[in-house]
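Residue numbers start at 1 and run along the sequence shown.
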Amino acid sequence: MTPPPAPLPSPAAQATRAAQAAHAAPTVLAVIPARGGSKGVPAKNLAQVGGVPLVARAVRACLASAEVTDVVVTTDDPDIAEAARAAADALGESGRLHCVARPAAIAGDTATSEAAVLHALDAYEALRHGHTADVVLLVQCTSPFLTREDIDGVARAVARDGADTAVTVAPFHGFLWRDGSAVEDDTYGVNHDKAVRPRRQDRPQDFLETGAAYAMDVTGFRTHRHRFFGHTALVPTDPARVLEIDDPHDLARARALAPLLDPSPLPTRADVDAVVLDFDGTQTDDRVLIDSDGRETVAVHRGDGLGIAALRKAGVPLLILSTERNPVVAARAHKLRVPVLHGIDRKDLALKQWCEEQSVDPGRVLYVGNDVNDLPCFGLAGWPVAVASAHDSVRAAARAVTTTPGGSGAVREIAAWLLGPTLTDSEPTPATTPTQ
């Protein structure tokens with residue numbers, strides 16, 4: 001919807017735009033403040049959503065923007081700087097990413113984002129031997145579902161369309177209330193008269209500031225030292241993607257939403273040279289049935305067997321890797337004709353050795369797991385995959401998550417990612433593998 005009218009651009013901004021139009025494209029610097037300390041969520045900016053640290057998600061969005069010239073991450077934490085560099089390296093964009101050490105004086109709980117941006121601007125200009133940016137963006141790590149289009153929108157509003165400042169907003173239709181009992185002895189409507197209940201279509205359009213991305217004309221920002229001045233453009237974004245992470249509950253919501261909101265990261269056959277499978281909770285539903293003689297059985301899925309057979313036929317090296325030393329694991333592996341290593345305490349070391357023996361790059365291994373003992377392997381494999389029923393910490397560390405729980409056809413789903421949809425034509429039925 002069309003935002004409400006705003007003041008015309010300042011004369012300084014109009015002059016800047018005219019000069020930019022006559023010469024080279026404007027320099028747009030995206031600044032990502034990412035300090036190490038956080039009271040609400042410890043090490044928040046390194047917390048993973050969809051298997052990616054929050055700072056890396058912000059770096060990816062900025063580097064993907066067609067409008068952004070360079071990106072500066074300003075931080076007091078070397079681990080955050082390393083995560084940011086790794087994200088840029090993975091995109092082949094290390095030359096556009098600069099990490100700036102944030103002084104302690106502007107890294108505390110009371111420090112403003114504006115102070116961090118001003119310091120980053122100075123540092124960037126020093127790196128560029130005095131060449132300044134024309135537009136500066138403030139991009140927040142705490143908005144995990146920020147998109148390239150959001151970045152493009154605020155940057156374009158200032159760099160090309162004449163605004164002094166810009167902010168991402170979401171259309172908002174709610175009635176806001178405030179408790180004024182301490183002052184006025186009553187509650188009252190903030191954006192409405194509580195005695196009048198107009199229909200949604202009869203109310204003026206409101207916009208909610210998302211907190212994700214801001215853009216400022218650099219000259220005006222240095223003068224005003226605040227993110228809003230002059231003509232502020234409102235850049236609407238999808239309300240479904242609006243989420244700021246301030247406490248552990250927000251982080252849990254973000255992790256639950258990531259499989260729905262993130263672009264599908266599913267691998268193809270071209271991405272993967274080998275598949276390694278956990279057993280309990282991945283090929284089973286993590287339950288064990290024990291009879292009166294102490295014999296164990298577990299439920300597996302015929303569809304998983306079909307998927308594994310198809311992968312084997314396609315020439316994909318396979319391995320079952322399990323912490324449990326149990327005859328049922330060996331029995332299932334034997335039936336599937338897949339090598340098995342079980343009773344393994346350090347699965348990551350076993351995986352590393354197996355990759356060396358098979359001459360397989362761990363970065364091209366798809367590893368499927370469901371619980372915390374799989375996390376070391378997630379750190380080694382290039383494609384860590386969690387089944388839908390996996391522990392929250394495992395889902396958070398995964399690069400991809402199946403829609404199917406363990407023991408219900410999750411391995412078949414993964415085989416379809418690699419080999420195509422023909423593996424999903426029929427409805428498989430559960431089976432039971434007894435202990436041998």
Side-chain angles (χ1 to χ4, degrees), residues 51 267 271-288 296 298-301 303-312 314-391 393-402 404-415 417-418 433 435-436:
D271 301 314
V272 172
D273 289 341
V275 173
V276 179
L277 306 166
D278 177 39
F279 187 74
D280 291 312
T282 299
Q283 299 180 61
T284 78
D285 61 5
D286 224 11
R287 296 186 302 165
V288 177
E296 296 182 358
V298 296
V300 296
H301 204 274
D304 286 344
L306 180 62
I308 289 171
L311 289 169
R312 191 180 66 246
V316 179
L318 295 161
L319 174 69
I320 293 175
L321 182 57
S322 177
T323 303
E324 292 291 324
R325 178 173 291 279
N326 193 317
V328 75
V329 182
R332 182 61 174 166
H334 177 74
K335 182 172 184 178
L336 295 172
R337 290 187 289 162
V338 173
V340 61
L341 296 173
H342 59 129
I344 304 296
D345 292 329
R346 287 291 304 274
K347 295 170 74 173
D348 56 329
L349 297 182
L351 175 59
K352 186 174 185 294
Q353 182 176 344
W354 183 80
C355 288
E356 291 173 352
E357 293 171 353
Q358 300 294 318
S359 299
V360 172
D361 177 4
R364 293 182 58 81
V365 169
L366 187 152
Y367 180 92
V368 190
N370 77 301
D371 216 331
V372 293
N373 60 346
D374 293 308
L375 289 175
C377 290
F378 272 33
L380 181 64
W383 277 98
V385 174
V387 296
S389 51
H391 188 274
S393 62
V394 179
R395 288 170 56 91
R399 190 171 176 182
V401 180
T402 67
T404 311
S408 298
V411 178
R412 178 184 178 143
E413 180 182 336
I414 293 165
W417 296 350
L418 303 183
T433 298
T435 300
Q436 301 294 318

- prompt: Quick one: are Glu324 and Val288 in side-chain contact, heavy atoms under 4.5 Å?
  reply: no

query: So, do Cys355 and Leu351 sit near enough that their side-chain heavy atoms are less than 4.5 Å apart?
result: yes

task: Would you check, one step at a time, whether the test side-chain contact (heavy atoms from CB on, under 4.5 Å) holds for Val276 with Trp354?
output: CA-CA 10 Å; Val276 179; Trp354 183 80; 3.8 Å; yes

message: With heavy-atom distances below 4.5 Å as the criterion, would you say the side chains of Lys347 and Asp374 are in contact?
response: yes

task: Using the test side-chain hydrogen bond (donor to acceptor under 3.5 Å, both in side chains), find all partners of Asp361 that sit at least two apart in sequence or belong to another chain.
output: none

- prompt: When rounded to the nearest 0.5 angstrom, what distance separates CZ in Arg412 from OG1 in Thr404?
  reply: 10.0 Å

message: Could you work out, with side-chain hydrogen bond (donor to acceptor under 3.5 Å, both in side chains) as the rule, every residue matching Asp348, not counting sequence neighbours?
response: Arg346

query: Arg399 side chain to Gly382 main-chain N or O, any donor-acceptor pair under 3.5 Å?
result: yes

task: Measure the shortest side-chain to side-chain distance between Leu277 and Ile308 over non-hydrogen atoms and say whether it is less than 4.5 angstrom.
output: yes

- request: Sort out for me which residue in Asn370, Val328, Val368, Thr323 forms a side chain to side chain contact (heavy atoms under 4.5 Å, CB included) with Phe279.
  value: Val328

- prompt: What residue among Val272, Thr402, Asp271 forms side chain to side chain contact (heavy atoms under 4.5 Å, CB included) with Trp417?
  reply: Thr402

- prompt: Nearest heavy-atom pair of Ser393 and Leu375: which atoms, and what distance?
  reply: O-CD2, 3.9 Å

query: Taking the side chain as C-beta and beyond, is there a heavy-atom pair between Gln358 and Leu319 under 4.5 Å?
result: no

query: Can you name the side-chain contact (heavy atoms from CB on, under 4.5 Å) partners of Arg312, sequence neighbours left out?
result: Ala309, Leu318, Arg337

